[in-house]
S.K.: 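Here it is, the structure, as structure tokens.
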Amino acid sequence: QVQLVESGGGLVQAGGSLRLSCVASGRTFSSYVMGWFRQVPGKEREFVATITTSGGTTYYADSVKGRFTISRDNGKNTVYLQMNSLKPEDTARYYCAATRDRGYSITYYAAIPRYDYWGQGTQVTVSS
């Protein structure tokens, strides 16, 4: 069992940056593949980015590629999402997720059902 707590959301102008953090409880964080997803009210939750256990491989949704960077610090039980060049369409609640289901191609983890644990989310609002 792992508990995830996101932070770092807020209000930012278009073109600005934010860094989201997600801290995991427990001593086995390094064994989890981690992902970030986002959701707008009335719409389905969508994939943003994922990172393997070691941090050596990452994968992004086309909509954020080149602007967002996912990273992790296994010593701090934390996964990050650095968001640059933010756009109003990035406005959403951002969730981190974890799974111990390892060994698949990185693209396997771009789907909600792959993940066992979810945080409560942090709101990001980008003004135009």
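Atom set for the values below is all heavy atoms of this structure, side chains included, hydrogens, waters and symmetry mates excluded.
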S.K.: Return the CZ to OG distance between R72 and S30, rounded to the nearest 0.5 Å.
M.R.: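 With rounding to 0.5 Å, CZ (R72) is 7.5 Å from OG (S30).
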S.K.: Minimum heavy-atom separation for D101 to T99, with atom names?
M.R.: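 Smallest heavy-atom distance, with atoms named: N-OG1, 3.0 Å.
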S.K.: With no hydrogens and no angle check, is any side-chain donor or acceptor of T78 less than 3.5 Å from a backbone partner on K76?
M.R.: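 Yes: the side chain of T78 pairs with the backbone of K76.
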S.K.: In the single-linkage hydrophobic clustering (I, L, V, M, F, W, Y; side-chain heavy atoms under 4.5 Å), do V48 and W118 co-cluster?
M.R.: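 No: no chain of side-chain contacts under 4.5 Å links V48 to W118.
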S.K.: Between R67 (side chain only) and S85 (backbone N and O only), is there a donor and an acceptor less than 3.5 Å apart?
M.R.: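 Here the side-chain-to-backbone pair exists.
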S.K.: Side-chain donor-acceptor pairs under 3.5 Å in residues 15-29, sequence neighbours left out?
M.R.:
residue : atom : partner : partner atom : Å
S17     : OG   : N84     : OD1          : 2.9
S25     : OG   : Q3      : N            : 2.8

S.K.: Test salt bridge (Lys or Arg N to Asp or Glu O under 4.0 Å) on D62 and K65; report intermediate values, then the result.
M.R.: CA-CA 5 Å; D62 288 343; K65 200 174 297 181; 3.0 Å; yes
S.K.: Pick out which of T53, L4, L81, T52 makes a side chain to side chain contact (heavy atoms under 4.5 Å, CB included) with M34.
M.R.: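 The option that passes is L4.
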S.K.: Any donor-acceptor pair under 3.5 Å linking the side chain of T122 with the backbone of G9?
M.R.: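 Checking the backbone N and O of G9 against the side chain of T122, a donor-acceptor pair under 3.5 Å is found.
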S.K.: Hey, does the side chain of Y109 reach the backbone of A49 with a donor-acceptor pair shorter than 3.5 angstrom?
M.R.: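 Here the side-chain-to-backbone pair does not exist.
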S.K.: Spell out, yes or no, whether I112 and Y104 are grouped together once hydrophobic residues are joined by side-chain heavy atoms under 4.5 Å, including indirect joins.
M.R.: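 Yes, same cluster.
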S.K.: For the residue pair V79 and I70, establish whether any side-chain heavy-atom pair is separated by less than 4.5 Å.
M.R.: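 SC-SC contact between V79 and I70 confirmed.
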S.K.: Run R102 and V33 through side-chain contact (heavy atoms from CB on, under 4.5 Å) and show every step you take.
M.R.: CA-CA 7 Å; R102 295 172 288 174; V33 173; 4.1 Å; yes
S.K.: Is there a donor-acceptor pair under 3.5 Å between the side chain of R93 and the backbone N or O of G121?
M.R.: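 Indeed, once roles are kept as given, a pair shorter than 3.5 Å links the two residues.
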S.K.: Checking the side chain of Q123 only, and the main-chain atoms of G10 only, is there a donor and an acceptor separated by less than 3.5 Å?
M.R.: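 Side chain of Q123 to backbone of G10: no pair is present.
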S.K.: Give the intermediate values and the outcome of side-chain contact (heavy atoms from CB on, under 4.5 Å) for residues M83 and Y94.
M.R.: CA-CA 11 Å; M83 306 186 295; Y94 284 71; 3.9 Å; yes
S.K.: Does anything in residues 45-85 form a ring-ring contact (aromatic ring centres under 6.0 Å, His included)? List the pairs, not counting sequence neighbours.
M.R.: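 Passing the test, one end in residues 45-85: F37-F47, F47-Y59.
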S.K.: In Å, rounded to the nearest 0.5 Å, how long is the span from CD1 of I51 to SG of C96?
M.R.: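 Reported value, rounded in 0.5 Å steps: 12.5 Å.
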S.K.: I need the single residue from Y108, W36, Y115 that forms a side chain to side chain contact (heavy atoms under 4.5 Å, CB included) with T50. Which is it?
M.R.: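 So, applying the side chain to side chain contact (heavy atoms under 4.5 Å, CB included) to T50 and each of Y108, W36, Y115, only Y115 qualifies.
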S.K.: Are more than 12 heavy atoms, taken from residues, nucleotides or ligands other than Q120, located less than 6.0 Å from that residue's CD atom?
M.R.: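 Not more than 12 within 6.0 Å, no.
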S.K.: Within 45° of the axis and under 6.0 Å from the centre of the six-membered ring of Y95, does NZ or CZ of R38 qualify?
M.R.: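 No.
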